[in-house]
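When a ligand or atom number is given, it counts from 1 through the structure's own listing order. In this chain, residues are counted from 1 in sequence order.
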Amino acid sequence: MSSKILVLPGDGIGVEVADQTIRVIEKLNEQGLDAIYEKDLVGGASYDVNGEPLTEAVLEKAKNSDAILLGAVGGSKWDDVERSKRPEAGLLGLRKELELFANLRPALVFDALVDASTLKNDVVNNLDIMIVRELTGGVYFGQPRGIEDTSNGKKAIDTQVYHDYEIDRIARVAFDLASKRNNKVTSVEKANVMETGVLWREVVKETHKDFSYITLENMLADNCAMQLVRNPKQFDVIVTDNLFGDLLSDCAAMLTGSLGMLPSASLGAEKNGKRYGLFEPVHGSAPDIAGQDKANPIATILSLSMMLKYNLNKPELSNKVENAVQQILSEGYRTGDIYTDETQTLVSCSKMGDLIIERI
Ligand code: NAD
C-alpha cells in the first residue's frame, strides 16, 4: 500500500524548501518509494486563509497520514496576532495532538563542511550523534507555574514533573535507535540534585533490561555539555529530558556549523501498529531571505531522509538521499549560508534541489 505523506510548507522559506523536498519525493517514487503526498496549510499561511494556524481538517489529515513533512512557520507579519492564533501555535498544536513526545536531532558533520564548525577538525570530523529529547513533559509543562505577588515581592514558579511511563517510553525510543546505530545510549539528568533525575536514572536502568545488548551510560547534564564540546565522538545516542534536551541539542547542532543543514524528527506513541512522525528542519522561516530562492533546502531534504529511515522503513532510499547530499557538497556546491570561498560554486535553493535530484 502507498505511504501517505502530508506536506505542510508553512511560511517564508518553509515553502521554498518544502517544494524542493517534494521534488525529491517524486524522484524517489521512480525508485520504489510508492508515496502519495498532499500539501496543506499551517502557521501564518493557514491563519491568513482560515483565521487559525491549524484547522481541524488539517489535523485530521495529519492523523490519517503515515508521516508529516513540515517546512517552517512564523514571521513578523503575525506579530500582533493573539498568542493562540500565532503561526507557532499551529506547530505546538500538531505536537500536542499527535503526542509527539520524542524529538530526534542528529548532529552529523559532512566531510566537506568540517571547516564550518567552530571546533577543531579532528574533534568533529566524521561526527554522527543523535540527541533524543523528551518533548511533552518536564519543566515546560509542569504545574504549578506562574508569577505571584508575595509579602517578599514577586515569586516565579516552574515545576519539573516526570512520570515513570514518560521516562520509559523515551528510553525505549533511544535504545531502539541505538540498536540501528552503534549500540550505545548515554542517559543524561541531574540525579545528584534533582528528584526527577533520580527517577529518570532508575527507570532508564529498568527499561535497559529489555535492551541489555546496548551499552548504557549515565551522565550528569553539566558534564554532558562539557563533553559535547571536548570529545563529542564518544557519544552515539543521548537521551534526556525536555529542558536539558533543549540546551544540549542546540549545543550539539552547532558542532556541525550550519542551521540550514540540520534536520529533525518528532515521534509519537505507537497506536495500532503506527507511530506518528513529524519531520522538519531545525531552522525557522528566515524572513530575511524568504522569496529570494536563496534558502538551503538540505535540512528539509535530510528531514525527509529521517522519515524514510524511521517512519517509512526505507533505509536504502534514506541512504541514497544522504549520499546525494554528501556528493553535492564534496563537488563544492553551496547555498549562501554555507558558502565560504570562491573555490566553491554558489547556487540557489532550486538549483541545489536540481543537483541533489540528479544524483539520487
Ligand atoms: P531562522 O532559523 O528563521 O533564521 C535565523 C538565520 O538563519 C537567518 O539569518 C536566516 O536567513 C538563516 N537561515 C535559517 N535557515 C536557513 C536556510 N535553510 N538557508 C539559509 N539560511 C537560513 O530564525 P529566526 O530568524 O529567529 O526566526 C524567524 C521566524 O521563524 C520567527 O517567526 C520564528 O518564530 C520562526 N521559527 C520557526 C521555527 C519552526 O517553524 N520550527 C523554528 C525557529 C524559528
J.: Please list every donor-acceptor pair under 3.5 Å in which a side-chain atom of residues 230-237 meets a protein atom from a residue at least two apart or in another chain.
T.:
unit_1 : atom_1 : unit_2 : atom_2 : d
R230   : NE     : Q227   : OE1    : 3.2
R230   : NH2    : Q227   : OE1    : 3.2
K233   : NZ     : D122   : O      : 3.0
K233   : NZ     : N125   : O      : 3.1
K233   : NZ     : N125   : OD1    : 2.7
Q234   : NE2    : Q227   : OE1    : 2.9
Q234   : NE2    : N231   : O      : 3.1
D236   : OD1    : R181   : NE     : 2.9
D236   : OD1    : R181   : NH2    : 3.1
D236   : OD2    : N182   : N      : 2.9
D236   : OD2    : N183   : N      : 3.2
D236   : OD2    : K184   : N      : 3.3

J.: Relative to each other, are the rings of F211 and F175 parallel, tilted or perpendicular (30° and 60° limits)?
T.: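 F211 vs F175 ring planes: parallel.
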J.: Under a 4.0 Å heavy-atom cut-off, which residues neighbour ligand 1?
T.: I13, A72, V73, G74, G75, E88, L91, L259, G260, E280, V282, H283, G284, S285, A286, P287, D288, I289, A295, N296, D337
J.: In the hydrophobic cluster built from side-chain contacts under 4.5 Å, what are the other members alongside Y276?
T.: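 Grouped by the 4.5 Å side-chain rule, L6, L8, V42, L54, V58, L59, I68, L70, V73, L91, L94, L98, L100, L278 form the rest of the cluster around Y276.
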J.: Is the closest basic N to carboxylate O distance between E322 and K309 below 4.0 Å?
T.: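 Salt bridge between E322 and K309, a charged N being under 4.0 Å from a carboxylate O: yes.
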J.: If the condition is side-chain hydrogen bond (donor to acceptor under 3.5 Å, both in side chains), which residues does R334 pass it with, not counting sequence neighbours?
T.: none
J.: For a quick test of reading the model, state the closest non-hydrogen atom pair linking V139 to Q160 and the distance between them.
T.: N-OE1, 2.9 Å
